Amino acid sequence: MVARLIDGDAHLLTAEEQELALKLTGRTVLPTVAPREVFIGAGRRGGKSRFGALVATWLAAAEYPQLSPGEMAIVAHIAPDKRQAEIDLSYARGIVKDSKLLRAELIGDTADGLEFAHHTRLEVATASYRTVRGRTLAGAVVDESAFLRADDSALPDKELVRALRPGLLSLRGPLLVISSPHRKLGILYDAHRKYFGKRRIVARPVHPGIEPRVESFD
């Protein structure tokens, strides 16, 4: 369902799925075009990393005719630490290996990324705004944003997103921020406070029959 919203295909949802989507996002009308930024708060064991890897792989599978000759479109998948980055890449690698089409396009498989013949590369990295500046980004996924840490910034998630946004402009790539809620600061909390029910997609946890809420934000 969330994938449909990210792709701008809310009209393909069933009536039941649309009702749930409205509850999750606090909106009265679902978006009719693909959003530029999506923020998702979800609980532990909610499949966040698998979903983030799916979105990152989907973006890397696309072709980008806007690229200059020799230019590579990068999909950045950012994790809070090396172990989580390895998990995210493992999920993406599994998705690619299960697809005959993507396997045929895969020309590079390293410890930090997957490279495709159509000039895209999915890169995983730990959180650092310095590593993403100056890149041509086809999209960015920030996994567990509320738990990012950096020695050179008190608010590493905000610094990271501030560095990612310019790189997303030329290919109009989407930004997906997904995390378990943790504290009343940072990009996930700010997005919930400013945009929940408004123009950007901000989804928060929901259980069947219970109104959606994020305990850390209340």
Side-chain angles (χ1 to χ4, degrees), residues 1-42 46-67 71-78 88 91-92 95-96 99 101-102 105 114 116 118-123 132 135-143 145 157 160-179 187-188 190-192 194-206 212:
M1 180 192 67
V2 177
R4 291 289 193 194
L5 297 180
I6 292 175
D7 204 21
D9 288 333
H11 63 285
L12 297 178
L13 297 174
T14 66
E16 183 179 356
E17 289 171 336
Q18 289 185 15
E19 181 180 356
L20 178 58
L22 291 171
K23 182 180 289 186
L24 284 170
T25 60
R27 300 169 65 110
T28 57
V29 178
L30 293 176
T32 57
V33 297
R36 295 294 305 279
E37 298 186 354
V38 178
F39 300 83
I40 300 175
K48 298 183 298 296
S49 296
R50 288 192 297 272
F51 181 71
L54 178 63
V55 172
T57 306
W58 166 63
L59 291 169
E63 295 187 357
Y64 299 92
Q66 312 97 307
L67 293 172
E71 188 177 18
M72 184 77 68
I74 305 298
V75 178
H77 196 157
I78 311 298
D88 292 340
Y91 282 136
I95 294 169
V96 171
S99 166
L101 179 62
L102 291 180
E105 283 290 302
L114 304 173
F116 298 91
H118 53 274
H119 301 291
T120 67
R121 178 174 170 80
L122 192 165
E123 291 186 0
V132 299
R135 314 295 296 277
T136 300
L137 299 177
V141 176
V142 183
D143 191 11
S145 65
D157 57 339
L160 176 64
V161 169
R162 192 175 294 127
L164 286 169
R165 281 173 173 150
L168 294 166
L169 289 177
S170 60
L171 298 180
R172 297 189 62 80
L175 169 68
L176 170 64
V177 177
I178 186 167
S179 181
I187 51 175
L188 185 64
D190 286 349
H192 177 271
K194 294 178 181 178
Y195 302 120
F196 184 74
K198 300 177 183 177
R199 61 189 180 91
R200 301 187 189 185
I201 291 184
V202 180
R204 56 182 183 177
V206 66

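Because only heavy atoms are used, hydrogens play no part in the values below, and waters and symmetry mates are left out as well, while side chains stay in. These figures come from a predicted structure and were not determined experimentally.
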* Asked: Could you go step by step and tell me if Leu54 and Arg50 meet the side-chain contact (heavy atoms from CB on, under 4.5 Å) rule?
  -> CA-CA 6 Å; Leu54 178 63; Arg50 288 192 297 272; over 6 Å; no
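- Between Leu188 and Phe39 the shortest heavy-atom distance is CD1-CB, 4.1 Å.
- Taking each heavy atom of Leu168 and Ala140 in turn, the nearest pair found is CD2-N, 3.9 Å.
- Atom CG of residue Asp7 and atom CG of residue Leu12 lie 9.0 Å apart, to the nearest 0.5 angstrom.
- Contact between Gly139 and Leu59 at its shortest, heavy atoms only, is CA-CD1, 3.9 Å.
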* Kindly indicate, with the supporting measurements, whether the criterion side-chain contact (heavy atoms from CB on, under 4.5 Å) is fulfilled by Val55 and Ile6. => CA-CA 9 Å; Val55 172; Ile6 292 175; 4.2 Å; yes
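- Counting heavy atoms from C-beta on, the side chains of Thr136 and Tyr64 never come closer than 4.5 Å.
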* Criterion side-chain contact (heavy atoms from CB on, under 4.5 Å) on Leu171 and Leu137, from CA distance to verdict -> CA-CA 7 Å; Leu171 298 180; Leu137 299 177; over 6 Å; no
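- Considering CD1 of Ile74 and CZ of Arg135, their distance stands at 4.5 Å, rounded to 0.5 Å.
- In this structure a side-chain-to-backbone donor-acceptor pair under 3.5 Å is missing from Thr120 to Phe116.
- Under a 3.5 Å cut-off, the side chain of Glu63 and the backbone N or O of His118 do not form any donor-acceptor pair.
- Distance check, rounded to the nearest 0.5 Å: OG1 of Thr57 to NE2 of His77 gives 8.5 Å.
- Leu5 has its side chain out of reach of Val38: every pair of non-hydrogen atoms, C-beta onward, lies at least 4.5 Å apart.
- Note that CG of Leu164 and CG of Leu160 are 4.5 Å apart. Values are rounded to the nearest 0.5 Å.
- Taking each heavy atom of Ala92 and Ala53 in turn, the nearest pair found is N-CB, 3.8 Å.
- For the atom pair CE (Met1) and OG1 (Thr14), the distance works out to 9.5 Å, reported to the nearest 0.5 Å.
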* **salt bridge (Lys or Arg N to Asp or Glu O under 4.0 Å) assessment of Glu17 paired with Arg4** => CA-CA 10 Å; Glu17 289 171 336; Arg4 291 289 193 194; over 6 Å; no
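- Crowding of Glu19 atom CD: a count of heavy atoms from other residues, nucleotides or ligands under 6.0 Å not exceeding 12.
- In this structure, Glu37 contributes its side chain and Leu175 its backbone to no donor-acceptor pair below 3.5 Å.
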* To do: Please report the C-alpha distance between Asp143 and Ile178 in whole Å, then the side-chain angles of each, then the deciding distance to 0.1 Å, and finally whether the side-chain contact (heavy atoms from CB on, under 4.5 Å) criterion is met.
  => CA-CA 5 Å; Asp143 191 11; Ile178 186 167; 4.1 Å; yes
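- Nearest heavy-atom pair, Val75 versus Ala56, reported as atom, atom and distance to 0.1 Å: CG1-O, 3.7 Å.
- Applying the side chain to side chain contact (heavy atoms under 4.5 Å, CB included) criterion to Arg36, with sequence neighbours excluded, gives Leu169, Arg172.
- Looking at every heavy atom in both residues, Ala10 comes nearest to Pro31 through CB-O, 3.5 Å.
- When each of Val2, Val142, Ile40 is paired with Leu176, the side-chain contact (heavy atoms from CB on, under 4.5 Å) condition holds for Ile40 and for no other.
- Here CD of Glu123 is found 8.5 Å from CD1 of Ile78. Values are rounded to the nearest 0.5 Å.
- Annotation: side chain of Thr28 is not in contact with side chain of Leu22 (no heavy-atom distance under 4.5 Å).
- Contact of the His11 side chain with the Thr32 side chain is not registered, since no non-hydrogen atoms from C-beta on lie closer than 4.5 Å.
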